[in-house]
Amino acid sequence: MNVLEIKNLQVSVVTDAGNKEILRGVDLTIKSGETHAIMGPNGSGKSTLAYSIAGHPKYLITGGSVLLDGADVLEMSVDERAKAGLFLAMQYPVEVPGVSVSNFLRTAVTAIRGEAPKLRTWVGEVKEVMASLNIDGAFSERNVNEGFSGGEKKRHEILQMELLKPKIAILDETDSGLDVDALRIVSEGVNRVKANSNLGVMLITHYTRILRYIKPDFVHVFANGKIVEEGGPELADKLEEKGYAEYITA
Amino acid sequence: MGALTTNYLTPTGREEAWRFTPLKRLAGLHDSSVNVAGHISISSKTELPQGVSLKVSSSADFPASYTSNDVVTNRIRQTAKQVSVLTIADDCEASESIYLSRTCSTEPEFSRVVIQAGVNSKSTVVVENTGTGQLGEEIEINLAPGARLDLISLQEWDKSAVHIAQHHAILSKDSQFTSYVVSVGGSVVRISPTVEFTGPGAFADLYGVYFATDGQHLEHRIHVDHNVANAKSRVTYKGALAGKQAHTVWIGDVYIHKGADGTDTYELNRNLLLTDGARADSVPNLEIETSEIVGAGHASTTGRFDDEQLFYLQSRGIPAEVARRLVIRGFFAEIVNKFKNADLEEQLMARIDEELSKVGQ
């Protein structure tokens with residue numbers, strides 16, 4: 001059993017015009033096997049939550065704590081957080097020119113597992129996961145995210161998640177820009193990892209659409225830099241019907 | 001003061017050809033008031049294959065077979081009484097690479113080398129430069145009809161070295177010249193790979209890899225002279241830079257003369273800035289005097305290895321220094337893989353890793 005505990009997290013974004021407060025005290029606990037949907041309007045700070053847990057240098061932690069199985073995540077470098085078992089599927093994955101997908105995956109897996117995977121089993125492992133995500137074999141030789149379509153980028157994120165086997169995954173608007181078929185394939189990938197490894201998931205989304213494929217155990221409404229309402233899956237149905245209007249304060 | 005009599009004026013830095021070069025750091029190689037000795041410092045590192053010879057001859061027996069307007073090249077010609085001549089016999093197909101090496105010490109020196117690739121010969125020549133020297137060098141490469149020659153010149157100098165060179169290839173009918181200029185060491189390195197054609201059907205394929213760190217100046221000035229019909233050229237240079245005052249210059253001049261119908265040329269320069277404080281100049285020039293060509297084009301891009309890339313790779317567990325190495329190796333792989341020599345490839349990548357690890361120290 002793994003636990004990610006976010007306590008009273010306060011975060012500012014560092015800009016040229018000074019620091020701007022975004023997160024105003026976030027409390028959230030995610031355990032293995034649980035899926036938490038974080039839903040909220042644009043600009044409410046959902047992505048800031050995701051990126052500050054992953055350690056993006058743009059964000060300044062001004063208060064609170066993040067613990068993974070009791071270890072202080074905020075003290076760790078970005079790569080140490082990944083090694084500790086955190087994974088962030090990004091909304092806008094970055095292009096890395098000159099680095100092939102196969103080289104990237106192998107380097108990442110070597111770093112996470114602490115040793116290079118055995119070539120014989122590794123090739124098969126990658127092929128299998130790629131096939132299940134409907135990714136063409138030629139994909140391996142392409143440069144990371146370079147010229148990828150929106151759907152390819154998101155499938156590539158889930159491919160990494162399946163291979164890196166994190167304890168807790170944060171999916172930042174993984175549903176954005178996906179057509180129905182791609183959404184289904186990506187969701188199946190997430191469900192497969194959940195079933196195989198008892199993954200804990202923080203699913204950040206604006207829309208309820210993805211919740212038809214990935215069933216949340218808990219739904220948290222995020223507005224103005226903190227969680228303003230919590231409930232079970234039924235809360236998502238309410239949001240579907242009424243939207244975020246009541247949570248947006250002038 | 002022992003000044004040489006010369007028609008070539010010492011550059012001041014205002015000339016187009018010298019405006020990027022830090023003249024004060026050239027140890028006087030360019031300066032007509034400074035005496036520099038002619039010296040034979042090149043030697044064969046391994047046993048030469050059958051049909052290949054390396055001899056020292058009198059410069060008088062091997063006068064330059066082209067006109068150079070480079071000041072340093074002309075100073076070398078005036079000074080060097082001897083010339084190293086590498087000859088690859090007609091029809092010789094050397095299965096092993098020909099390894100030449102040169103280690104320069106503290107004295108500035110001028111050196112002339114002539115490479116003669118015989119009719120229908122096929123060979124790979126590697127010239128490895130190491131040491132702390134100050135070298136002015138001319139390599140003249142003559143390809144006889146049908147000859148195929150790969151020339152790999154490695155600038156793996158120590159930090160203080162200065163190297164000014166012209167590598168001029170003359171391609172006759174149906175010959176094929178592939179050049180790899182690899183510059184990773186030295187304080188100032190300025191290589192001018194230049195090409196002319198004497199017959200149709202010839203192909204010059206010019207590659208370059210350079211990696212500049214703190215304070216290094218690495219300059220590559222390519223000039224391809226399409227002076228005959230139906231010749232082809234490709235220029236592909238890639239450079240990475242890291243650290244304060246790291247400076248690279250790439251000049252790609254391609255001249256298609258009137259009457260050079262059927263010319264096919266393309267040149268490309270890509271630069272990767274790994275840190276702030278580094279500067280890459282990239283200047284492609286294409287002059288075309290005939291419209292009857294197959295193709296002519298150029299591309300130049302300079303991009304940054306930015307924090308978002310670093311964050312992305314690190315967020316997958318990859319430590320920052322591994323992430324940088326990954327990106328650099330990937331960037332150069334396209335060219336380095338063409339060496340078809342795993343040892344050389346690894347040697348170069350290891351050197352680049354080492355240079356990178358010292359950035360900012």
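Here is how names work: the chains are called A, B, and so on, in the same order as the sequence lines, proteins then strands, and each is numbered from 1.
The environment of A:Phe148 atom CZ is dense: over 12 non-hydrogen atoms of other residues, nucleotides or ligands sit within 6.0 angstrom. By the neighbour-count criterion of 12 heavy atoms within 6.0 Å, atom CD of A:Glu21 is densely surrounded, having more than that number from other residues, nucleotides or ligands. Dense packing is recorded around CD of A:Glu146, with more than 12 heavy atoms of other residues, nucleotides or ligands lying under 6.0 Å away. Within 6.0 Å of CD on A:Glu128 lie no more than 12 heavy atoms contributed by other residues, nucleotides or ligands. Counted within 6.0 Å of NZ on A:Lys165, heavy atoms from surrounding residues, nucleotides or ligands total more than 12; the atom is thus considered enclosed.
Looking at B:Phe331, the atoms closer than 4.5 Å to chain A (heavy atoms on both sides) all sit in the backbone: N, CA, C or O. When heavy atoms are compared at a cutoff of 4.5 Å, A:Pro93 approaches chain B by way of both its backbone and its side chain.
One distance of note links NE2 of A:His56 with OH of B:Tyr312; it measures 13.0 Å at 0.5 Å rounding. Summarising the geometry, atom OG belonging to B:Ser315 is positioned 13.5 Å from atom CD1 belonging to A:Ile53; distances are rounded to the nearest 0.5 Å. Between the CG atom of A:Asp79 and the CD atom of B:Glu321 there is a distance of 8.0 Å, given to the nearest 0.5 Å. Rounding to the nearest 0.5 angstrom, the gap separating the CZ atom in A:Arg106 from the CG atom in B:Leu326 is 12.0 Å. Taking CD of A:Glu95 as the reference point, atom CD of B:Gln309 lies at 8.5 Å (rounded to 0.5 Å).
Top candidate by heavy-atom pairs under 4.5 Å with chain B, chosen from A:Val96, A:Leu86, A:Asn143, is A:Val96. In terms of non-hydrogen atom pairs under 4.5 Å with chain B, the most contact-rich of A:Thr107, A:Ile112, A:Val109 is A:Thr107. In terms of non-hydrogen atom pairs under 4.5 Å with chain A, the most contact-rich of B:Ala320, B:Gly317, B:Ala323 is B:Gly317.
Salt bridge absent: A:Lys58 and B:Glu308 never bring a charged side-chain N and a carboxylate O closer than 4.0 Å.
Across every non-hydrogen atom of A:Ala82 and B:Gln314, the tightest pair is CB-O, 4.1 Å.
Using a 4.5 Å cut-off on side-chain heavy atoms (C-beta onward), B:Phe311 and A:Val94 make no contact.
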